[in-house]
Structures are given as structure tokens and as C-alpha cells.
Amino acid sequence: MEITSMSEALQLHAQILKSGRNQRNHHRHQHDLSKLFTFSALSSNGDLTYARLILDSLPSPNSFHCNTMIRAYSRSPDPVKALHFFLSMLRNSPNRPDKFTYPFLLKSCALLGLTHEGKQLHGLIFKSGFGSDRYVEHSLIHMYCACGESGHAYKVFDKMLARNVISWSSMIDGLVDNDRPLEAIKMFEKMLEDGVEVNEVTVVSVLRACAKTGALGVGRRVHELVKERTIGLKKANVSTALIDMYTKCGCIESARLVFNEIKFNRDVFSWTATISGLASHENCQEAIDLFNQMQELSINPDERTMTAVLSACRNAGWVSEGYTYLKTMHKKYGVWPTIQHYGCVVDLLARAGHLSDAEELIRKMPIEADRVLWRTLIWACKVHKDMNRAERLIKHLESLKMDSNDDCGSLVLIGNVYASAGKWHDKARTRELMNKRGLVKSPGSSKIEIDGAVHEFIVGDSGHSESERIYAKLDEIEEKLKEEEYQPKLYEVLLEVDDEEKAFQLSHHSEKLALAFGLIKTSPRTEIRIVKNLRSCEDCHAFMKVISKIYERDIIMRDRIRFHHFRNGECSCKDYW
DNA sequence: CGTGAGCACT
């Protein structure tokens, strides 16, 4: 009989203590201890000291006990203890690791991003002969991807003799997490070709890939597949992935449709995905209405729901509403504000021009500001041309230890702020700093999907096979813009060059290349969807507005922050961004 | 006794 409750466990423990010294009951005693250990290790909520105490009191723990302990540690808040325990087991215990041991250890490495330790385990696995166990192989794939080593994951995957749906799904999901959504989609297509059954886990992962990259066509096909084969059709996780895919691919109507179809299977995640999607598409009032409906159904918002709500306020410029949500969210919804929430509200205040209030909020908030938050504020200073504040904040940002590649973003922003004020010397200084540290800024890139294939354009790109036609199209556009007396926003070029060169630079921004390609490749009057990795510059934004009018095209552009729907010369954001 | 999974700040 297994133990199923804490009271049973305590009872058993009392019994063990009572009969502890009775030699005749030795086997019984052992058995009870073992049961108690298993229960306490598996039911513990993170604190494993009790389980460990019992384990250490076992006269001769076997490998099952060791594995159970490792599993418990790997799922605890401090998974590194699994590795520590493993090392002590290697040194002090007669038990050897087996094929059950490794998945737990690899999980710990995955959670902690311990590449080096993961590789060492891989070595042990190879030597011990467990390397062809499918569970171990899947754990290896997951570990490598979680450590950002998708190349090694591919190697494990390629060497597998018998791949099943889990092998493929692990690989696809890992690629998505490694910011390789296009490879993930390719994997998925190969999987279909191979005739491997697709399940809801696969579907969720490939939809995440579509969401990241804006592959609406692929996403729609996956949706069809889900309906045809009824793969988790009513599961909330599949619906959420579909909603998120549609919103991030710029198709808020389809997202709404999915959300309406699952009326009776909604959970906090699907509500949040929809609220967040509506907010990013400028349907801020609808987002807040949904938030209220959700509460009427007694579904409690979580941290991300509140982020979505605040981001609706931010995109709409509702300063006092957003500030009130932030101040009352703990009392009303039981959610303590995190850095994301402060980030939204700081952006909300700052973008509305309340720079002092935004700065004060950062300084008074109970958690430490991260670089993203300072950058948000500095960006707003640039927008509102408050150079004194910007320079003061830049000094502060620079004083923070810069050690990750993420700091590239800080230096780029700092350089841009200096450049926009004509301080070329200071700009050059940040440039040198980047070179010295070997930081390479990620270039502007835009993606557009044509007939199910995603094309990516980098700023100044001439590598595309149809490059010539694209540049010819841009020339044609330029002529038409001249007729419209369009003035390029040369001040957006933050280089010390003449106006002609500035105009040239502007005309090669990645979203314009993608747009020209879209105009060539799609039928008249159809929508064009573009996904950009950074924030669009003012010139590109104005450019898209004009193009939407003269070419009679709806253009839906996703930038790093939100969506812009251009139609007939106007943008859904009403130029508030 | 073990493998893969949904929504957040620039």
C-alpha cells in the first residue's frame, strides 16, 4: 500500500519510531522507511530536508532511492542539489547511475543552463552505454537546447535510430527557444514528410515558431491540421497557442474567432493571450472589457494578465488608469507588481511626457530597476528631447556593470541619443566601447511570408535572389513619393553624413525592402504583413502610411512593441508610439 | 522511478 496523505505518513513515522529497535521486524521496518522516504521526497514542496533525513537513515539505500532523491532535487527550487547529490553518490555509494538517473540530472542542467556539466554527463552517458536509451536522448536534446546549444541537440537527434513524436517535438520546441523559429518550421515540415504522427505538444511548439516569425500561412495550415485530425482541439493550451499565433501574425480577427469558439474551455492563459493581443493591436478598450468579463467569471488574473492590462493602458496612453492598476493590483487581484509591470507604467508615463514622474517611479519602486527599464526612460527622453535628463540617466546606465551581450542594446541607445543631439564625439566613444568589448549590434531585420515561405531582409540587404527587382521597385516608389512631395525624415539617420547619403540609408531599411518585395509578390489590394525585429524609425512609419494610400494596400507591421495597421494613409497607432 | 508543451517590460 502506498502512502497517499501526510497524516498517513506521520502515522507511519510514529510506528517506525516505536518499533525501531525491534530486531524481529527488521524487514518490515526497512520497507516502511522506504515508503516514507518515497512519499516525503515526492510530495515535498521544495524543502527536502525531511526526505534527506529519512534517506540517510536507511541502512542500505538502493539505486531506486537515489534516483528518487535526485528527481526530487531536480524538481525543487534549487535543482543544483541534484548534481551535488549525484556527485556524492558517485563517491560514497555503491549504487551506480542507471538510465533512470540521467534524465533527472539533465533536467537540472537544462533548468540552470549548465552547458559544461551537461556535456560531462553526456560523456558519462556515452561511456555507460545508456546513450541509446530514448528517454536519455530526449533529455539530452532538451538539455542542449535549453543551454543554447542547438547544434549539439541536432547531433543527438540525427544519431537516433528510432525517432518518435517526442524526439521531433523536443527538437522543434528547443529550436523555438533558441530563437531559430525558421529551423523549427523546417523540422516540422520534415516531420510531416516522414509521416510521424503529430500531437498537441508538436502543434503548440510549431505555433510558437509561427508566432515568433510571423508565418501566418504555416500557422493557418497547422490550424487546419488541428481541425482535420482533432489534435487537442478543445485543449486550452492549443487554443492559447493559436490565439497567440494569430495575434502575433497580425490577424487579430482570427484570434478573436478562436477565442470565441472556446467559450467554455477558457482558462487564465487563453484570456491573457487574447487581452494581450487586443492591446497590441490597438483594441485597448476591448482588452479592458475582456479583463472585466474574465473577473465576472471569477477567473483570477495572474502576473501576465496584469502585464497585458497595463500594456493596453500604455498603448492607449491612459496614464491615470494604468497608474491606478499598478497601485491597486495587489490589493484587488493579489498580484505583486514585478519589473514587467513597472516597465509598462514607466513607459506609459514617459511616453506621455511625464518624464519626472516616470523617473520617480523607478527610484521609488521596491525592486531594483533593470537595464531595460532605464533604456525605456532614456528612449522617452530622446523622443521628448529632454537631453539633460537623458545624459544624466546615461551616466547612471553606464555605471551599471556591463557584462552581457544584452548591453549592446544599451550602448546602441546611448549612441543614438548622443547622435540625435549632434554629439558625434560621444557617439564615437560608445562605438569604440562596443568594438573593444566585441559587441555586435543586431541589425534591423524584417520578415515577410510569401506562399508559406518566410523571407528575411537585413538592412541594406542585397543578397536576396530577387534583389534587383526589389531595388527597381524601390526606385519606382521613390518617384511616386516625389510626386506626393514626401519628405524623407533625414534626422532619423544618426550618422555624420550628408543628406544624400542619409536619404540613401533610409531607403534601405529592412522593412522597406520587405515591403517592396511584398508589393511585387502579392496580388493588388491584398494585405501585406511585415515583422520587424526592432522599433521602426519615424521615416519608415511615415513611408508606410503613404504607401498604404498610393498603392491601396493595407499594411500590417509588427515591430518590437506592437502592431501598426496602415490603411489609406493613416496608422492605427495614430502616431502615438 | 524517466522524455517534449500555451500568455509578460526595450
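Order of the sequence lines fixes the chain letters, A, B, ..., with proteins taken first and strands second; residue numbering starts at 1 for each chain. What you are looking at is a predicted structure, and each value in this text was computed from that prediction instead of being measured.
Ranking B/dA8, B/dT10, B/dC9 by closeness to the A/Asp370 side chain, first place goes to B/dC9. Closest to the side chain of A/Arg375, from the set B/dT10, B/dC7, B/dC9, is B/dT10. Looking at the side chain of A/Ala273, the nearest of the listed nucleotides B/dA5, B/dG2, B/dC7 is B/dC7. Nearest to the side chain of A/Val136, among B/dG2, B/dT10, B/dA8, sits B/dG2. Of the candidate nucleotides B/dT10, B/dG6, B/dG2, B/dG2 has the atom lying nearest to any side-chain atom of A/Phe100. Ranking B/dC7, B/dG4, B/dG2 by closeness to the A/Asn199 side chain, first place goes to B/dG4.
Note on A/Glu137: nothing from the nucleic acid sits closer than 4.0 angstrom, heavy atoms only. Contacts of A/Ser170 with the nucleic acid, taken as non-hydrogen atoms under 4.0 Å apart, involve only primed sugar atoms and P, OP1 or OP2. Across all strands shown, A/Ile561 has heavy atoms under 4.0 Å from sugar-phosphate atoms exclusively, and none from any base. Among the heavy atoms of the strands lying under 4.0 Å from A/Phe104 are primed sugar atoms or P, OP1, OP2 only; no base atom is included. Contacts of A/Arg71 with the nucleic acid, taken as non-hydrogen atoms under 4.0 Å apart, involve only primed sugar atoms and P, OP1 or OP2. Among the atoms of the strands shown, none is found under 4.0 Å from any heavy atom of A/Thr68. Within 4.0 Å (heavy atoms only), A/Asn67 reaches at least one base atom of the nucleic acid. Residue contacts shown for A/Val165 include a base, since a base heavy atom lies under 4.0 Å away. As judged by a 4.0 angstrom heavy-atom cut-off over every strand, A/Leu373 is placed among residues making no nucleic acid contact.
Residue A/Arg208 places at least one side-chain N or O under 4.0 Å from the OP1 or OP2 atom of B/dG6. Distances shown here put a side-chain N or O of A/Lys248 below 4.0 Å from the OP1 or OP2 atom of B/dA8. Close to B/dG4, at under 4.0 Å from its OP1 or OP2, lies a side-chain N or O of A/Lys107.
Regarding A/Leu326, its CG atom lies at a distance of 14 Å from the C1' atom of B/dA8, rounded to whole Å. The CG-C1' distance, from A/Leu106 to B/dG4, rounds to 14 Å in whole Å. One atom, CD1 of A/Ile367, and another, C1' of B/dC9, lie 10 Å apart when rounded to the nearest Å. The CG-C1' distance, from A/Asn178 to B/dA5, rounds to 16 Å in whole Å. Distance CG (A/Leu290) to C1' (B/dC7): 14 Å, rounded to an integer number of Å. For the pair A/Gln340 CD and B/dA8 C1', the interatomic distance rounds to 5 Å; values are reported in whole Å. Taking atom CG of residue A/Leu411 and atom P of nucleotide B/dT10, one finds them 19 Å apart after rounding to whole Å. Spacing between atom CG of A/Leu310 and atom C1' of B/dC9 amounts to 10 Å, rounded to whole angstrom units.
Only A/Asp267, A/Phe269, listed by number, bring a heavy atom of residues 255-271 of chain A to less than 4.0 angstrom from any atom of DNA chain B.
Evaluation of the side chain to side chain donor-acceptor pair (under 3.5 Å) rule for A/Thr274 yields no partner, not counting sequence neighbours. Partners of A/Phe37 according to the ring-ring contact (aromatic ring centres under 6.0 Å, His included) rule, which considers only residues two or more places apart in sequence or in another chain, are A/His65. Remark: A/Arg392 engages A/Glu359 in a salt bridge (charged side-chain N to carboxylate O under 4.0 Å, His left out) (not counting sequence neighbours).
By the stacking rule of 5.5 Å between ring centres and under 30° between planes, A/Tyr135 stacks on the base of B/dG2.
You won't find any donor-acceptor pair under 3.5 Å spanning the side chain of A/Asp173 and the base of B/dA5, going by distance alone.
Side-chain atoms of A/Asp386 never come within 3.5 Å of backbone atoms of A/Cys381 as a donor-acceptor pair (strictly under, hydrogens ignored).
Contact check on A/Arg221 versus A/Glu189 returns a salt bridge, with a Lys/Arg side-chain nitrogen under 4.0 Å from an Asp/Glu carboxylate oxygen.
Listed by first and then second residue, the salt bridge (charged side-chain N to carboxylate O under 4.0 Å, His left out) pairs involving residues 151-180 of chain A are A/Asp173-A/Arg208, A/Asp177-A/Arg208, A/Asp179-A/Lys212, A/Arg180-A/Glu183 (not counting sequence neighbours).
Across A/Asp133 and A/Lys99, no two heavy atoms sit closer than the pair OD2-CD, 3.4 Å.
By the 30° and 60° cut-offs, the orientation of the rings of A/Tyr333 relative to A/Phe291 is perpendicular.
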For residues 335-354 of chain A, dump all side-chain donor-acceptor pairs below 3.5 Å to protein atoms at least two apart in sequence or in another chain.
from     : atom 1 : to       : atom 2 : distance (Å)
A/Trp336 : NE1    : A/His330 : NE2    : 3.3
A/Thr338 : OG1    : A/Gln340 : N      : 3.4
A/Thr338 : OG1    : A/Gln340 : OE1    : 3.1
A/Thr338 : OG1    : A/His341 : ND1    : 3.1
A/His341 : ND1    : A/Thr338 : N      : 2.8
A/His341 : NE2    : A/Glu303 : O      : 2.8
A/His341 : NE2    : A/Thr307 : OG1    : 3.2
A/Asp347 : OD2    : A/Arg351 : NH2    : 3.0

